[in-house]
Amino acid sequence: MDLVNVEEHAFINLHSILISLFSNAIKTAYPALEDFGKPAVSAGSKFADYQCNASMQICKLLKAKGENVSPNVVAKKLVDCLGQCNIIEKVDVSGQGFINVWLSRNKLRDILQYVLENKLKPKPLTNPQKIIVDFSAPNVAKEMHVGHLRSTIIGESLSRVFEFIGHDVLRINHIGDWGTQFGMLIALLQDKFPNYKTESPPIKDLQQFYKQSKVLFDSDLEFKKRAYDCVVKLQSMSPDHVQAWKLICDVSRKEFQKIYERLNISIIERGESFYQSRMETVVKDLEDKGFLENDDGRKIMWSPESSIPLTVVKSDGGFTYDTSDIATLKQRIEEEKADWIIYVVDAGQSLHFETLKKCAIHSGFLDPSKVRMDFVGFGVVLGEDKKKFKTRSGDTVRLASLLDEGIKRTRDKLVEKGRDKVLTDEELKLAETALAYGCIKYADLCHNRNHDYVFSFDKMLDDKGNTAVYLLYALTRIRSIINNLGTYTQDLNESISLDHDKEWKLAKTLLRFPEVISKITDDFCLHHLCEYLYDVATTFSEFYDNCYCIEKNPQTGEIVKVFTGRILLCKVTAEYMETGLNLLGISTVSRM
Ligand code: ARG
């Protein structure tokens with residue numbers, strides 16, 4: 001069985017090939033163990049390139065069936081039944097039945113050589129999917145906060161991963177731009193900002209107005225009535241009210257856009273308001289089909305599976321966040337023809353999305369065998385005091401000031417290292433933004449998204465730990481090794497060198513990339529990629545400490561010898577690192 005044809009692609013998941021080889025061997029050797037599942041195959045042991053330890057488990061299962069065999073015998077039988085594959089050099093059995101696999105250096109070299117010549121990219125998909133990633137989604141008239149920052153960073157990076165694989169990704173910004181709060185806001189603007197129809201208030205005032213209008217809404221009946229009146233007028237598209245609403249949205253939109261530009265985020269805005277008429281249709285449809293129940297004047301919807309209902313229509317007749325999400329999901333399935341919808345929203349909303357999914361399945365517009373819907377939640381951002389991230393005065397942290405502080409601290413670090421004397425102004429500016437934003441993104445992505453994490457500039461700007469600074473320095477170092485060759489001409493037509501142990505270790509580390517990407521598409525956890533890149537950087541460092549790449553005359557500094565095969569290994573390492581950092585949304589620089 002020749003499973004791998006390097007000429008065809010450079011994106012080979014060695015791990016999954018080995019798993020399927022062993023899986024087949026188990027089926028052949030022990031057909032009685034039908035539902036064995038995936039055999040465990042692990043990389044990087046001291047004794048082999050990969051190791052499979054399914055034998056012990058097989059023994060247990062056989063014993064339960066009354067058959068007594070030793071793991072060693074099982075392992076040998078599996079090896080006998082293992083298909084041929086050109087990525088494998090040799091297989092043997094050690095000790096208590098571990099199966100050791102040694103990979104073929106020639107074949108792995110071919111793959112790396114292919115990457116060097118064709119860049120690192122997956123084979124075009126035969127069946128690309130239409131994927132909608134719903135992320136960022138701040139609310140109009142409110143400041144974007146760190147929770148939205150997480151969604152923005154994770155959503156952008158996930159979109160990049162799915163695009164890289166070859167899917168058709170639609171990035172949607174489902175901003176909160178609709179609902180009662182706009183009636184409240186317009187009512188308040190009528191009092192406090194009489195020019196509101198032609199002139200937008202500054203964002204700071206807008207947020208103040210928003211807070212005040214909430215207080216008034218809850219305490220002043222006359223105001224409440226007027227606010228409702230404004231909502232009704234807005235929802236029935238009264239031109240004056242729509243105009244006021246548009247101006248309000250514009251103010252916030254400009255603020256959001258500034259953040260997206262700084263962080264290099266691309267996303268299409270399609271807020272809750274987009275679905276107004278669709279909400280009306282879907283509510284009527286659900287009502288006609290008998291899915292809505294009256295509950296104290298509210299209309300709610302249950303699915304037999306859910307623990308809470310969705311509130312589809314409030315007792316005052318207004319729609320809710322639930323209503324807009326039902327209409328949105330339907331639009332995405334029916335009009336966008338999405339195959340897969342991914343929501344990147346804080347973990348606090350997981351029950352909302354679970355209920356939404358169950359109700360959508362129950363009412364029949366979501367068929368889970370045709371359209372996949374996933375909730376990708378994440379934990380909260382904590383301050384260094386391990387409490388919810390807040391400013392000293394207890395306010396939510398403004399994203400813009402957070403980014404400003406990141407830039408300032410990075411600049412200070414660069415100056416501290418004397419980089420301002422070495423780099424041109426332009427280089428310094430580039431390094432500063434790449435580092436500052438890179439660090440903020442990386443600090444978020446390198447933690448398991450399900451957990452809370454502590455936001456600490458000191459930690460994320462440290463150049464020694466698992467940080468973006470460390471990775472970006474590692475990459476610039478690799479590039480400078482390559483550039484050191486200068487005009488020294490040497491035939492780079494040689495092949496990548498994999499003879500030294502450290503070269504081989506680096507090659508095997510690099511080639512785990514497809515496995516990492518596949519893991520991310522399984523669990524949406526980007527920390528796998530961060531761990532991988534950190535591994536690559538440290539393994540490169542080990543290689544570089546042990547293997548000369550360029551030998552210079554210590555007196556004159558003149559190049560005496562170039563180890564071309566190693567320079568090529570540096571080049572291919574840079575390619576993997578750049579690709580990985582780019583998927584994390586981290587810009588790289590040539591000098592820093
Ligand atoms: N605007 C919401 C919030 O700030 C997030 C919206 C997420 N997306 C969605 N389709 N509900 O909490």
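Counting from 1, the numbers follow the sequence of the chain as shown. In each ligand, atom 1 is the first atom listed, and ligand 1 is the first ligand listed.
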Exercise for the section: Please list, chain by chain and in numerical order, all residues satisfying ring pair (Phe, Tyr, Trp, His ring centres under 6.0 Å) with Tyr437, sequence neighbours excluded. Expected result: none

Are there any protein N or O atoms under 3.5 Å from the N or O atoms of ligand 1? List them with distances, or say none.
{"residue": "ligand 1", "atom": "1 (N)", "partner": "Ala137", "partner atom": "O", "Å": "2.9"}
{"residue": "ligand 1", "atom": "1 (N)", "partner": "Asn139", "partner atom": "OD1", "Å": "2.8"}
{"residue": "ligand 1", "atom": "4 (O)", "partner": "Ala137", "partner atom": "O", "Å": "3.4"}
{"residue": "ligand 1", "atom": "4 (O)", "partner": "Asn139", "partner atom": "ND2", "Å": "3.1"}
{"residue": "ligand 1", "atom": "4 (O)", "partner": "His148", "partner atom": "NE2", "Å": "3.0"}
{"residue": "ligand 1", "atom": "8 (N)", "partner": "Asp134", "partner atom": "OD1", "Å": "3.1"}
{"residue": "ligand 1", "atom": "10 (N)", "partner": "Asp134", "partner atom": "OD2", "Å": "2.8"}
{"residue": "ligand 1", "atom": "10 (N)", "partner": "Asp325", "partner atom": "OD1", "Å": "2.9"}
{"residue": "ligand 1", "atom": "11 (N)", "partner": "Tyr321", "partner atom": "OH", "Å": "2.8"}
{"residue": "ligand 1", "atom": "11 (N)", "partner": "Asp325", "partner atom": "OD1", "Å": "3.4"}
{"residue": "ligand 1", "atom": "11 (N)", "partner": "Asp325", "partner atom": "OD2", "Å": "2.8"}
{"residue": "ligand 1", "atom": "12 (O)", "partner": "Gln349", "partner atom": "NE2", "Å": "2.8"}

Practice task
Any chance you could lay out the side chain to side chain donor-acceptor pair (under 3.5 Å) test for Asp463 and Tyr473, step after step, and finish with the verdict?
Solution key: CA-CA 8 Å; Asp463 52 16; Tyr473 271 117; 5.7 Å; no

Problem - Passing option when Leu329 is tested against Glu334, Lys357, Met373 for side chain to side chain contact (heavy atoms under 4.5 Å, CB included) - result: Met373

Handout entry: Polar contact flag, side-chain donor to acceptor under 3.5 angstrom, Gln212-Lys192
Key = yes

Exercise for the section: Return yes if some donor-acceptor pair links the side-chain N/O of Glu575 with the main-chain N/O of Leu120 below 3.5 Å, else return no. Expected result: yes

Handout entry: NZ/NE/NH1/NH2 to OD/OE distance under 4.0 Å, Asp452 and Lys386
Key = no

